[in-house]
Each structure stands twice: as structure tokens, then as C-alpha cells.
Amino acid sequence: MLPAYVPNPCAAAFGGGRPIDGGRVLGDGRRILGDGKTFRGLFAGITCGLIIGFLQVKLVSGGFAVFGTDLPSFGIDHAGSIKVIFTLAFGSLFGDMFMSFFKRRLGLKRGAPLPVVDQLDFVFGAWVLTYLAYPRWFADNFSFGIIITVLLITPLLHLVTNIFGYAIGVKKEPW
Ligand code: CTP
Ligand code: MG
């Protein structure tokens, strides 16, 4: 899940500048996505997700000399994992954008909280894209128990991360 978790805080830390919707509004008079979704945030977030994912694969494939000896592969399909890093990272921010689109249609201003959705949109985005692109990998790696665990711990992780982001001035709201 790390390649899906990391893009959001990285988008918050490095985002800003030109909004993805170019400032455009829809027929309802509201922004398509809003100023909270920027190109810089998108690219910085995906890049961070890819970096963490490559490090993870490198770690379990025994690529780090610090361990002295090669670690066992644990039956993990490393080639498959590399491809899936991108769908996890991009899917995460795509899910986040997708729900911002709906928040704007509901009339919610940029940054307004939408409980549950704010805490889990990126998880669903990452899962749906990964499932569509690599259904076998998804089924092999996301067991029922893992899915339930992720759904339970993610909102908590999200809350703690955002309070921290707010405290250091990276996020405008503590949610
Ligand atoms: N961010 C960005 N580009 C993205 C996603 C996030 O620049 N694609 C940055 C923005 O600075 C944003 C911050 O990360 O304000 C926090 O993201 P999020 O909470 O998803 O955005 P909100 O500002 O709360 O906007 P929304 O109401 O649309 O969720
Ligand atoms: Mg928000």
C-alpha cells in the first residue's frame, strides 16, 4: 500500500501552481476540480509513489548490499510488483481527483471535509485501477484479511498524517 499512501502527502508537500482544471467551471457554476488539484501535486505525488515502490521491490529482492546476503524472494513476483507500483500511485491520486470532482458537484468548496470519502478515496482509486490492469496480481496480493485491515487502519493513518501536515504548515486543514 505504500506506493498508494505516499502520493497524497507528497502532493500536499510539493503541490501548488497551475490547477489541473485550468480554473474552468462546469454548467453548475462550480469548478471542475478546484485549486486543490494541481499538475505539480499530481506529478510530485506519482514520482514519490514510484520511488517508494521501487525501493520496496529492491528491498525484498535483496538488492541492498547492506543485508550482506540476498534475501529470499518470499514467492513474490517482483516483475509484477514493478508494474503495479504505477497503478497504485496513479490510481491513488486519480481516486482523490475523482472524488474532488464529486465534492465540487455537491457544492463543497475546496478543502471542505467529506468524511469517509476523504479518508478512503485514494485507496479505492489505487485498488480499482490495479484490479482493472492486473486482476491476477491484485487477487494474489490483496486477500480479504488484508483488504479489511487496510480499510480499518487507513482512516487512522490519514488523520494522523493530516494533523501532522497541518501542524508543519503543509496542509490548510487538519483533515
Ligand atoms: N494537492 C495538489 N495536487 C493534487 C492533490 C493534492 O496540489 N493532485 C495538494 C493541494 O495543495 C491540496 C493538498 O495537496 O490542497 C491537500 O490535498 P486534498 O486534501 O486532497 O485537497 P483539498 O485542498 O482538501 O481539496 P478537495 O476539497 O478537492 O479535496
Ligand atoms: Mg481535503
Side-chain angles (χ1 to χ4, degrees), residues 1-56 81-134 138 142 147 149-175:
M1 283 310 288
L2 276 181
Y5 282 153
V6 164
N8 264 284
C10 286
F14 305 118
R18 193 176 143 74
I20 293 167
D21 67 9
R24 281 183 285 271
V25 294
L26 285 188
D28 57 9
R30 306 181 208 284
R31 290 284 295 275
I32 301 176
L33 299 174
D35 284 332
K37 306 297 125 158
T38 67
F39 281 110
R40 207 163 69 198
L42 184 66
F43 291 122
I46 291 174
T47 304
C48 293
L50 294 179
I51 291 172
I52 197 86
F54 282 124
L55 289 176
Q56 284 180 276
S81 300
I82 297 241
K83 290 185 290 187
V84 109
I85 293 166
F86 180 76
T87 61
L88 287 173
F90 178 68
S92 162
L93 288 181
F94 185 78
D96 174 60
M97 279 192 287
F98 191 76
M99 289 324 292
S100 284
F101 176 83
F102 276 98
K103 285 171 77 174
R104 298 302 88 81
R105 305 288 74 74
L106 290 171
L108 293 169
K109 290 249 180 295
R110 174 249 178 114
L114 188 55
V116 185
V117 167
D118 283 334
Q119 284 75 42
L120 290 172
D121 55 9
F122 58 100
V123 169
F124 286 113
W127 282 351
V128 168
L129 199 68
T130 301
Y131 178 77
L132 290 177
Y134 310 109
F138 187 91
F142 286 106
I147 287 178
T149 307
V150 169
L151 292 179
L152 291 176
I153 65 168
T154 302
L156 200 71
L157 278 173
H158 188 265
L159 193 74
V160 172
T161 311
N162 284 358
I163 290 173
F164 176 74
Y166 178 72
I168 65 171
V170 158
K171 276 218 68 180
K172 287 191 164 68
E173 303 87 13
W175 50 76

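Both counts, for ligands and for their atoms, begin at 1 and track the order of listing.
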Report summary line: One should read off an interatomic distance between Leu129 CG and Thr87 OG1, to the nearest 0.5 angstrom, of 5.5 Å

Query raised in the report: Backbone or side chain, does any N or O of Asp118 fall under 3.5 Å from an N or O of ligand 1?
Result: no

Report task. May I ask you to check whether Lys171 has an N/O atom sitting below 3.5 Å from an N/O atom of ligand 1? Result -> yes

Query raised in the report: Would you say Arg110 and ligand 1 have an N/O pair spaced under 3.5 Å apart?
Result: yes

Query - Gly111-ligand 1 polar pair, N/O distance under 3.5 Å - result: yes

Report task. State, yes or no, whether a side-chain contact exists between Met1 and Phe142 at a heavy-atom distance under 4.5 Å. Result -> yes

Report task. Heavy-atom contacts with Arg104 under 4.0 Å: which atoms of ligand 1 show up? List them by number with element. Result -> 26 (P), 27 (O), 28 (O)

Query raised in the report: Which word best sums up how the rings of Phe122 and Tyr5 line up, parallel for under 30°, tilted for 30 to 60°, or perpendicular for over 60°?
Result: perpendicular

Query raised in the report: Is Gly36 close to ligand 1, meaning an N/O of one under 3.5 Å from an N/O of the other?
Result: yes

Query raised in the report: With a 4.0 Å cut-off, would you call Arg104 and Asp21 a salt bridge?
Result: no

Query raised in the report: Under 4.0 Å from any heavy atom of Gly15, which atoms of ligand 1 are there?
Result: 7 (O)

Requested in this report: Please check if atom OH in Tyr166 has more than 12 non-hydrogen atoms from other residues, nucleotides or ligands closer than 6.0 Å.
Outcome: no

**Report entry** Row check, Phe43 ring normal vs Arg40 NZ/CZ: under 6.0 Å, within 45°
**Finding:** no

